[in-house]
Amino acid sequence: MRDEGDAAGEGLRYGPLSDSLGFLLRLAQLGAFRDFYDDVGGTGVRPGEMSVLLLIAENPGVRQGVLARGLMIKRAHMTKMVRAMETEGLVRRTVPEDDRRSVELWLTEAGAARVEALRGPVMAHEARAPRGLNRRETAQLKRLLRAYVNLPPEPGAPSEEGGS
């Protein structure tokens, strides 16, 4: 929930920052993470971990480097995260025969069960419009952000034609 102390404005003048894309994206990211933890925090998963688990579920056998580049996660941080997930029994790493320097990632049964248990709360969180936006504006923002990061829309993804 939003505290009284973190309402936008409150007499603070942002000057040129109010028109800075990076600054606005950072504030939006912080707000999105706050909302994620409000809605899903009780499950003990962090947004980055959820992203990694969901992408492995969607792309069984994905190469660790491809996943790291796709999520813009530094190699060392990705290695640390994957090792922790492997220790937890959520992920299995294999070395492909055609490239012994690569690592492929697979969900274990426990990892697949974890994704399935988290899917409902995460999808419920994603289904609601963020504060200050209606559903149509949310769809438009997502469309613009996908274009900004050069990410194609997923087949069957909601369009901005949805109701408010």
Side-chain angles (χ1 to χ4, degrees), residues 1-59 62-85 88 90-91 102-103 105 107 114-115 117-164:
M1 289 294 167
R2 179 170 273 200
D3 294 335
E4 291 296 318
D6 70 355
E10 272 198 57
L12 184 62
R13 292 191 316 238
Y14 290 93
L17 288 177
S18 67
D19 202 35
S20 165
L21 181 60
F23 178 74
L24 295 171
L25 287 170
R26 179 63 176 147
L27 290 181
Q29 178 191 32
L30 292 170
F33 282 2
R34 180 192 59 229
D35 291 346
F36 179 90
Y37 284 114
D38 284 351
D39 292 348
V40 187
T43 64
V45 70
R46 296 190 311 241
E49 294 167 343
M50 189 66 219
S51 297
V52 168
L53 289 171
L54 281 173
L55 285 179
I56 295 172
E58 291 291 322
N59 302 278
V62 65
R63 298 214 173 172
Q64 186 170 316
V66 170
L67 185 59
R69 283 188 300 279
L71 291 172
M72 296 184 194
I73 296 175
K74 292 179 182 175
R75 185 174 158 179
H77 185 71
M78 177 61 82
T79 299
K80 182 179 175 182
M81 189 183 310
V82 167
R83 282 192 180 139
M85 289 179 178
E88 288 181 62
L90 302 174
V91 172
S102 292
V103 174
L105 302 175
L107 290 180
R114 177 101 165 119
V115 167
L118 291 168
R119 195 177 297 271
V122 169
M123 293 303 109
H125 162 75
E126 289 298 329
R128 72 173 179 78
R131 293 173 200 154
L133 299 177
N134 64 37
R135 294 200 185 284
R136 193 175 95 244
E137 292 165 335
T138 299
Q140 182 181 15
L141 177 60
K142 288 178 181 180
R143 182 182 56 78
L144 291 170
L145 288 171
R146 279 191 298 272
Y148 182 68
V149 299
N150 200 26
L151 185 71
E154 286 291 320
S159 72
E160 67 179 271
E161 303 303 315
S164 53

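Just the heavy atoms: all of them, side chains too, but no hydrogens, waters or symmetry mates, feed the values below. The structure presented is a predicted model; accordingly, all values stated were derived computationally and were not measured.
Two residues are said to be in side-chain contact when any heavy atoms from C-beta on lie closer than 4.5 Å; Val91 and Leu53 meet this criterion. Put simply, the side chain of Arg26 reaches to within 4.5 Å of the side chain of Gln29, judged on heavy atoms. Annotation: side chain of Met78 is in contact with side chain of Val52 (closest heavy-atom distance under 4.5 Å). Between Asp39 and Pro121, every side-chain heavy-atom pair lies at or beyond the 4.5 Å cut-off. Side-chain contact between Leu105 and Met85 is absent, with no heavy-atom pair separated by less than 4.5 Å. No side-chain heavy atom of Thr43 sits less than 4.5 Å from a side-chain heavy atom of Val122.
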Which is it for Lys142 and Thr138 under the side chain to side chain contact (heavy atoms under 4.5 Å, CB included) test, yes or no, and what are the steps along the way?
-> CA-CA 6 Å; Lys142 288 178 181 180; Thr138 299; 3.8 Å; yes

Start with the C-alpha distance between Leu145 and Leu25, add both sets of side-chain angles, then the distance that settles side chain to side chain contact (heavy atoms under 4.5 Å, CB included), and finish with yes or no.
-> CA-CA 10 Å; Leu145 288 171; Leu25 287 170; 3.8 Å; yes

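Atom CZ of Arg46 is surrounded by 12 or fewer heavy atoms from other residues, nucleotides or ligands within 6.0 Å. Other residues, nucleotides and ligands contribute at most 12 non-hydrogen atoms within 6.0 Å of the CZ atom of Arg75. Atom CE of Met123 sits in a crowded spot, with more than 12 heavy atoms from other residues, nucleotides or ligands closer than 6.0 Å.
Contact record, Ala57 with Arg119: CB-NH2, 4.4 Å, taken as the closest heavy-atom pair. Minimum interatomic distance between His77 and Ile73 (heavy atoms only, all atoms of both residues): CD2-CG2, 3.6 Å. Here the closest heavy-atom approach between residue Leu71 and residue Ser51 is recorded as CD2-CB, 4.2 Å. Of all non-hydrogen atoms in Arg63 and Ser102, the two that sit nearest each other are NH1-OG, 3.4 Å. Across Met50 and Val45, no two heavy atoms sit closer than the pair N-CG2, 3.7 Å. When every heavy atom of Leu17 is checked against every heavy atom of Phe23, the shortest pair comes out as O-CD2, 3.2 Å.
To the nearest 0.5 Å, the span separating CG on Asn59 from CG on Leu54 amounts to 10.5 Å. Distance check: Thr79 OG1 to Lys74 NZ gives 13.0 Å after rounding to the nearest 0.5 Å. In this structure, CD in Gln140 is found 9.5 Å from CG in Leu133, a value given to the nearest 0.5 Å.
Ring geometry for His125 against Phe36 counts as perpendicular: the plane angle is over 60°, on a 0 to 90° scale with 30° as the lower cut.
Salt bridge Asp38/Arg131: present, at least one basic N to carboxylate O contact under 4.0 Å.
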